[in-house]
Amino acid sequence: MTKGGMESVELFTTEGKGRGLKAQKEFLPGDVIFAEPAYAAVVFDSLTHVICHTCFKRQERLHRCGQCKFAYYCDRTCQRAAWLNHKNECSAIKRHGKAPTENIRLAARIMWKVEREGSGLSEGCLVSIDELQNHVDSFGEEEKKDLRTDVESFLEFWPPHCQQFGMQYISHIFGVISCNGFTLSDQRGLQAVGVGIFPNLCQANHDCWPNCTVVFNNGNHEAVRSMFHTQMRIELRALSKISPGDELTVSYVDFLNLSEERRKQLKKQYYFDCACEHCKKQVKDDLMLAVKEGESKPSADTVKEVTQFSKDTLEKINKARMEGLYHEVVKLCRECLKKQEPVLGDTNIYLLRILSIASEVLSYLQMFEEAADYAKRMVDGYLKIYHPNNAQLGMAVMRAGVTHWHAGFIEAGHGLICKAYAILLITHGPSHPITKDLEAMRVQTEMELRMFQQNEFMYYKMREAALKNQKIQVMPEPSNETAPSLFHKKE
C-alpha cells in the first residue's frame, strides 16, 4: 500500500507489534525515505510569544496576530501560510477570552481539520487520524484524571457553532496526542518548542538501535516565491544501508541509558515491552556500567557507593541548574569526578553524564580549557556507545569541537568539527541550518589551522582580534532540559 510521496514505503501488520513500515527500495545512509508535513502542530504554552506559530523558528522580533493577540509569526508570509489552520482558533480564542493550553489547542486544530476534510485518509497519509492508536485503555488513574480535565477544558473552548464530537472521539484524539505527539525543535535543533501529529511517522516502530532517524526541518519560508520554498516537515532519514523489505525503525528514547531503564521508560510512556536485540541481549550495558580495570580494581561495595554518590550529585546539580547557580554546578561536578575517576570506567554513564554537564557549564562560564578536557573524554566515551550515525552523538561532537576552538586547541577543534559534520550530513542533511552552521565552522577552522601551521605567532595575534569580533558563537546558557526526545510526553 503506497500513497502520494510515500511510494518508497509500505505499511504492514505483524503479530504482537501491530502496524509498521517497510522499505520498498534500497536506501543508503543519509537518504530521505520520506518527508511529511504536520497534520496539526502547536507551539508550547511557555514559548508562544518567542516562536513563530507557522515554521517554529525562534526569532528576535515576531508579528502578532492583530485579531486574537495570541499567535506570533516571522512575517506576513508565515502569517498567510497559517491562516487556514489559525482562522477557527483565532475566533475561538477571542470568544473564550484567552488561549487554552497546548494540548487543548492541538486537539482543537485536529478537530477543525476533521471538520474541514473529514476523518478519512488525508492526501499523502497511509493511515487516517481515526486509525492512530490512543492507548486510553492502558491509562493509569493519574492519566485518566488528566484526560477528564483536558476533555472538560476542550468542551469549554470548542465553539458551539462548530461540528460537535462525542466524548469518546474527543478522548480518542487526546489519547492520540498523548502517545503520538512528536517533539518539534527550533531551527538550531537545541530546544523543544512545540508538538505536532505526523500520522505516517507514527507507524514507524521503535528499536533501540534503529536504521532510521527523524529530523524536524523548519522549512525555508523566506524563498516563498521561488522553487526553494519548502514547508515545515519531518524527514525520515536512513542511518545505515536499508534493503527492500527491511522494516524501518526509529528510536523513541535516548540510547544512553541501561537497557532496563530504556524498557521501563518505553513501557511507561508508550505502553509496550521493548524486545529489540539490544534490550534482549543487554548490548553495551557492560560499557555503560564499566569500572576501572587493572591491579587496583575497585570492590563491588566501592562501585555501589560511588554510583549512589553520582546519582545524589546529579539531583543536586539539577537543583543548582534550575536556580542558575552555575559555579555551584561546577563545584559539584569537580567533587563528583574526583570520586568517580579512580573507580568508574571511561564509558560509565554516570561519569559521562557528569562530564557532559561540566563541559557545557564551564563553556558557558568561558572556562574553555577545562571544558575542552571534559568534552574530549565525554566524546571518547560516546563514540564507544552510540551508533556511529546518531544525531545526539553528532551534536555532542559539535559542542566539543566549538569548545576546543574557544580553548585555542585549533587542531583538535577542527578534527571534532569535521567529525560532527560527517555525522550531521547523514542525520540532518546538507540543507539543515545546523549542518550549514557546521560547514561554515569547518571552513573557518580549516583556514585558521592552515594559518596556525604557517605562522603560530601571527595566528594568535589575528585570533585575538577575531575573538573580539566573535565569529563562532559563545556557548548558549546551559539548558535545564535534556535533548529533545522524539515524542513529546505531557508531564
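Quick note: residue numbers are just sequence positions, from 1.
A salt bridge links R442 and E439; the closest N-O separation between the charged side-chain nitrogens and carboxylate oxygens is under 4.0 Å. Note on R237 versus D31: no salt bridge recorded, every NZ/NE/NH1/NH2 to OD/OE distance being 4.0 Å or above. Note on K376 versus D380: salt bridge recorded, some NZ/NE/NH1/NH2 to OD/OE distance being below 4.0 Å. In this structure, K268 does not pair ionically with E143, as no charged nitrogen and carboxylate oxygen lie closer than 4.0 Å. Between K331 and E335, at least one side-chain nitrogen of the basic residue sits less than 4.0 Å from a carboxylate oxygen of the acidic one, meeting the salt-bridge criterion. Salt bridge annotation for K292-D346: present, with a cationic side-chain nitrogen under 4.0 angstrom from a carboxylate oxygen. With respect to E315 and K311, no salt bridge is recorded, no charged nitrogen being found less than 4.0 Å from a carboxylate O. R334 has a carboxylate O that lies under 4.0 Å from a charged side-chain N of E370, or vice versa, which qualifies the two as a salt bridge.
Two rings, from Y271 and H135, have their centers less than 6.0 Å apart. Aromatic ring centroids of F70 and H53 lie under 6.0 Å apart.
F255 is listed as a side-chain neighbour of R262, based on a closest heavy-atom distance under 4.5 Å. Using a 4.5 Å heavy-atom threshold, the side chains of I354 and Y374 count as separate. Between T435 and Y421, some side-chain heavy-atom pair lies under the 4.5 Å cut-off. When side chains are defined from C-beta on, L355 counts as touching L337, because their heavy atoms get closer than 4.5 Å. Between D186 and L47 the shortest side-chain heavy-atom distance does not fall below 4.5 Å. Side-chain atoms of I33 and C212, non-hydrogen and from C-beta on, do get closer than 4.5 Å to each other. Residues P199 and L126 are not in side-chain contact: their nearest non-hydrogen atoms beyond the backbone lie 4.5 Å or more apart. At a threshold of 4.5 Å between non-hydrogen side-chain atoms, the residues R321 and K316 do not count as touching.
One N or O on the side chain of D75 and one on the backbone of C78 form a donor-acceptor pair closer than 3.5 Å. With hydrogens and angles disregarded, no donor-acceptor distance shorter than 3.5 Å links the side chain of N85 to the backbone of A82. In this structure, S8 contributes its side chain and Q24 its backbone to no donor-acceptor pair below 3.5 Å. Side chain of T302 to main chain of P298: no donor-acceptor pair is present (N/O by atom type, distance under 3.5 Å, no hydrogens or angles). Under the 3.5 Å distance criterion, the side-chain polar atoms of D246 are left unmatched by any main-chain donor or acceptor of I242.
No more than 12 heavy-atom neighbours from other residues, nucleotides or ligands sit within 6.0 angstrom of CD on Q133. Environment of CD in E26: crowded, with over 12 heavy atoms of neighbouring residues, nucleotides or ligands closer than 6.0 Å. Environment of CD in E260: sparse, with no more than 12 heavy atoms of neighbouring residues, nucleotides or ligands closer than 6.0 Å.
Between atom SG of residue C336 and atom CZ of residue R353 there is a gap of 12.0 Å, rounded to the nearest 0.5 Å. Put simply, SG on C274 and NZ on K267 are 11.5 Å apart, with the number rounded to the nearest 0.5 Å. Considering CG of L256 and CD of Q392, their distance stands at 8.5 Å, rounded to 0.5 Å. If you take CG on L236 and CG on N211, they are separated by 8.5 Å, rounding to the nearest 0.5 Å. To the nearest 0.5 Å, atom CG of residue L351 and atom OG of residue S356 are 11.0 Å apart. Between the CD atom in E36 and the CG atom in N200 there is a gap of 4.0 Å [rounded to 0.5 Å].
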Step by step, would you call R109 with E102 a salt bridge (charged side-chain N to carboxylate O under 4.0 Å, His left out)? CA-CA 10 Å; R109 282 187 166 223; E102 63 216 27; over 6 Å; no

Please test E247 against L21 for side-chain contact (heavy atoms from CB on, under 4.5 Å), starting from the C-alpha separation and ending with a verdict. CA-CA 6 Å; E247 182 176 3; L21 295 177; 6.0 Å; no

Output, in order, the C-alpha distance, side-chain angles, deciding distance and verdict of side-chain hydrogen bond (donor to acceptor under 3.5 Å, both in side chains) for E448 and W405. CA-CA 10 Å; E448 290 187 23; W405 181 87; 2.9 Å; yes

Please test E235 against T213 for side-chain contact (heavy atoms from CB on, under 4.5 Å), starting from the C-alpha separation and ending with a verdict. CA-CA 8 Å; E235 293 169 350; T213 190; over 6 Å; no

Full working for side-chain contact (heavy atoms from CB on, under 4.5 Å) between V195 and L184: CA-CA 5 Å; V195 57; L184 308 179; 5.6 Å; no

Please assess L266 against F272 for the test side-chain contact (heavy atoms from CB on, under 4.5 Å), listing each intermediate value before the final yes or no. CA-CA 6 Å; L266 289 162; F272 71 86; 3.8 Å; yes

Apply the test salt bridge (charged side-chain N to carboxylate O under 4.0 Å, His left out) to residues D45 and R105: give CA-CA distance (whole Å), side-chain angles for both, the deciding distance (0.1 Å), then the verdict. CA-CA 10 Å; D45 295 336; R105 287 186 286 119; 2.9 Å; yes

Walk me through whether Q265 and E261 qualify under side-chain hydrogen bond (donor to acceptor under 3.5 Å, both in side chains). CA-CA 6 Å; Q265 197 183 340; E261 288 304 312; over 6 Å; no

Could you walk me through whether S310 and Q340 pass the side-chain hydrogen bond (donor to acceptor under 3.5 Å, both in side chains) test, one step at a time? CA-CA 8 Å; S310 304; Q340 288 176 336; 2.9 Å; yes

Apply salt bridge (charged side-chain N to carboxylate O under 4.0 Å, His left out) to the pair E277 and K280, showing each step before the final yes or no. CA-CA 5 Å; E277 285 302 299; K280 277 196 295 199; 3.4 Å; yes

Test salt bridge (charged side-chain N to carboxylate O under 4.0 Å, His left out) applied to K319 and E323, step by step: CA-CA 7 Å; K319 191 170 177 293; E323 292 166 19; 3.3 Å; yes

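No side-chain donor-acceptor contact under 3.5 Å links T249 and N205. Side chains of R76 and Q79: a donor-acceptor N/O pair is present below 3.5 angstrom, by distance only.
Using bins of under 30°, 30° to 60° and over 60° for the plane-to-plane angle, the ring pair Y382/Y386 lands in the perpendicular bin. Classification of the H387-W209 ring pair by plane angle, with boundaries at 30° and 60°, yields tilted. Classification of the Y326-Y364 ring pair by plane angle, with boundaries at 30° and 60°, yields perpendicular.
In terms of heavy atoms, C74 sits closest to Q59 at SG-NE2, 3.5 Å.
A ring pair (Phe, Tyr, Trp, His ring centres under 6.0 Å) with F198 is found for exactly one of F34, Y39, F182, namely F182. Partner H428 forms a side-chain contact (heavy atoms from CB on, under 4.5 Å) with one of I423, L438, I434 and no other, that one being I434. A side-chain contact (heavy atoms from CB on, under 4.5 Å) with H404 is found for one member of D373, L416, T445 and no other, namely L416.
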